Amino acid sequence: MKTVFRSSIIVTAAILAVVLIAPVAFAQTPAAAQAQPYRAPRTADGRPNLNGIWQGMNEANWDLLPHAANFGRVVALGAEDAVPPGIGWVEGGEIPYLPAAAAKKKENYDKRLTLDPEIKCYLPGVPRAMYMPYPFQVIQSKDVIMLVFEYAGAVRTINMGKPTEAPADSWMGWSNGHWEGETLVIDSTGFNDMSWFDRAGDFHSDELHVVERISAASPDRLNYEATIEDKNVFSRPWKISMPLYRRVEKNMQVMEFKCVEFVEELIYGNLRKPGTQPPAH
Amino acid sequence: MNHRLSSMYLLIVVVTLVLLMTASVAAQAPVSSGKAPAPAKKWTAKTPDGQPDLQGYWTNSTYTPLQRPQGVTREFYSAQEVAQVEKQAAEREAEQTEPGTIADVHYDFTQFGLDRSQSTHTTQMRTSMIVDPPDGRIPPVTTDGQKRQADRAAERKRMGATTDQVQNMPVGTRCIVMAGSGPPMMPAGYNSNYQIVQGPGYVMVLTEMIHDVRIIPLDGRPQLPGNVRQWTGSSRGHWEGDTLVVETANFNGKNPFQNASEDMRVIERFTRVDADTIDYRFTIEDEKTWTRPWTALLPLKSSTGPIFEHGCHEGNYGVRNTLAGARAEEQRAAAAKKVSK
């Protein structure tokens, strides 16, 4: 009896030990360290299907770095123009500017009301296009993936074939893509030096090199990250990451936002004939 | 690029002249019997998800005018006539300017590879793009349409000269929208380039000029609500056999095609007939403007990529310089007047 009792204690202890220790041991096995990664549905040609209308529902377009709410720039616009607070999307919470570039960023910030290319309806560049407060659509075919942005009708053509070199510098750059398992990797160069990363004056030169990684995290969410490199402006590559969400509204579509018309008076109003008035709108 | 854009305003004037001259050259071509080319082998390729495959780079650059030139009564030219029409038009384009108009300004299309003869263009035997009505001409304008045309002309006059303010300038000069986007997709003076990409449930048409993109849903969804109006309207598509049929409405009326009303509906039909050709035809329905619908046909011809980024607005020195020049001239004239007193 005593022996049996003793044995049962040992057995119980052993069972408890296994039950308690197993999860720890399990957790240490790399393959089981995380939940099984989400596997996106496939397109007809077997690629992860990232088609859809997406939007980064965040405040990165105001400032990629963590920031509190702040005054806007136009008094008349009141709360509509105030800067919404943001948690920040830069890994490590710092953009590694070289000293001269840090000064330039500050100048950009100080003069943002006149210098931000968004104010003039200029093309948004990369990665800014991906997190502006407007939707964009992914259209996947075998040879190219199109990213079509509502803001300013900007467009990126991702070449999925043999990588090619940019024939000329441009606002939206030159993009070569490939698949790494579940992840679409886009390598972009060939940028001009005129776009910004946000309304806070974060900027780059024409040496900008962006590597983006996009994968589905759930049916309606993408993981997006971009590594940004520019030897003229930054002391090392730096990375942003954020989710992009599917716009699930019924019959959702990317609509027309041809903003040129809305900025003409701002840009050319000083050149109108004296005594004339802009048309009513 | 900057140089190219700085002359945008002038260029549009030149293009208009060239298009007008092309039509008159065509009208002078000799008359003889002509036949349409034989239809090519049927195209059957499909995208992975089963749509007829329209993908690739295309151009609709052509010397064929929308309307049949006055004096031409036949539907087709002979091969020799077409060659002559194109040769004469190319010579005209190379000469660029018409004496007495803008002869003091030099702009050479060929310098920038913009001349139509320097890139792929479609050659068709037709004497006009319009195939219906059979006379190749836009049908008669309704009374409403005539009134609207007169009202618009009066409003333009009231607004003053195009150089008075940016809002008086043509929408193409302002980099808002150009002829290539449409719909209907019409050849522009240059860069009449397109890229078509198909994804599941959508056909996308990228127009090089102003990087205009049309994303055409194929799921049978309704049009946008009637109060939502856009420069390029709202397009909905479906397949009828191997033909993509796209219906577009909801235009904003600020860039009226051939002076149509904002209730114009465009029905486009894209049929790939062979590796190098999409048969593109469009029907214009607007009973407020024309006494009957009309239909035009122009092929899209296979071209080579890439589509370049046409950062038109970003490099629009043309508008700025034109306005600044007009203000400077006014000041100079005012100063001269003061002196002469």
Side-chain angles (χ1 to χ4, degrees), chain A residues 43-47 49 51 53 117 120-123 137-146 148-149 152-157 159 164 167-174 192 194 250-251 253-256 258-261 263-265 267-279 281, chain B residues 1 47-50 55-56 155 159-161 163-169 171 174-177 195 197-204 206 210-213 215 217 219 221-222 224 228-234 252 254 305-309 311-314 316 319-320 322-324 326-327 330:
Chain A
T43 59
D45 60 335
R47 301 301 188 182
N49 186 347
N51 282 288
I53 301 175
K120 296 188 180 124
C121 178
Y122 288 167
L123 287 167
Q137 185 159 354
V138 175
I139 300 166
Q140 262 176 264
S141 76
K142 191 168 71 61
D143 302 327
V144 292
I145 297 177
M146 304 301 299
V148 182
F149 302 89
V155 57
R156 298 175 67 189
T157 304
N159 164 39
T164 53
D169 282 1
S170 61
W171 289 78
M172 301 305 290
W174 188 258
N192 67 28
M194 293 187 271
K250 186 173 159 60
N251 293 334
Q253 71 176 79
V254 170
M255 293 169 72
E256 201 176 71
K258 283 180 171 292
C259 46
V260 172
E261 195 187 13
V263 302
E264 285 180 319
E265 200 55 30
I267 298 178
Y268 308 117
N270 63 322
L271 293 171
R272 66 169 42 260
K273 187 178 183 175
T276 59
Q277 291 297 322
H281 51 78
Chain B
M1 185 71 174
T47 64
D49 60 317
Q55 299 183 101
E155 175 61 11
M159 292 291 291
T163 53
D164 284 359
Q165 54 177 340
V166 58
Q167 293 88 347
N168 288 5
M169 291 182 169
V171 292
R174 293 155 66 188
C175 296
I176 296 175
V177 69
Q195 183 178 12
V197 176
Q198 289 162 270
Y202 292 92
V203 177
M204 184 225 69
L206 165 61
I210 319 205
H211 51 81
D212 260 331
V213 174
I215 300 174
D219 57 3
R221 68 180 66 185
L224 288 174
V228 180
R229 300 281 172 161
Q230 308 197 117
W231 287 93
T232 57
S234 158
N252 68 9
K254 292 195 274 192
I307 298 288
F308 285 83
E309 177 179 278
C312 181
H313 168 63
E314 291 77 2
N316 198 341
V319 162
R320 174 170 297 285
T322 304
L323 293 174
R327 299 297 80 80
E330 286 160 6

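On a predicted model such as this, the values are computed, not experimentally measured, just so you know.
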Could you tell me which of [options] has the largest number of non-hydrogen atom pairs under 4.5 Å with chain B?
{"options": "A:Lys142, A:Lys250, A:Gln253", "answer": "A:Gln253"}
{"options": "A:Ile139, A:Asp45, A:Asn251", "answer": "A:Asn251"}
{"options": "A:Ser170, A:Pro117, A:Gly269", "answer": "A:Ser170"}
{"options": "A:Ile145, A:Val148, A:Asn159, A:Thr276", "answer": "A:Val148"}

Quick one: does any side-chain atom of [X] pair with a main-chain N or O of [Y] as donor and acceptor, under 3.5 Å?
{"X": "A:Glu256", "Y": "B:Trp231", "value": "yes"}
{"X": "B:His313", "Y": "A:Lys120", "value": "yes"}
{"X": "A:Glu261", "Y": "B:Ile176", "value": "no"}

Is it the backbone or the side chain of [X] that comes under 4.5 Å from a heavy atom of chain A, or both, or neither?
{"X": "B:Pro306", "result": "side chain"}
{"X": "B:Asp212", "result": "side chain"}
{"X": "B:Val228", "result": "side chain"}
{"X": "B:Gln230", "result": "both"}
{"X": "B:Arg327", "result": "side chain"}

| query | Are side-chain heavy atoms of B:His211 and A:Met172 found at a separation under 4.5 Å? | reply |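 The answer is no; the side chains never approach within 4.5 Å.
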
key: Passing option when B:Gln165 is tested against A:Gln277, A:Glu264, A:Arg272, A:Lys273 for side-chain hydrogen bond (donor to acceptor under 3.5 Å, both in side chains)   =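 It is A:Arg272; the other options fail the test.
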
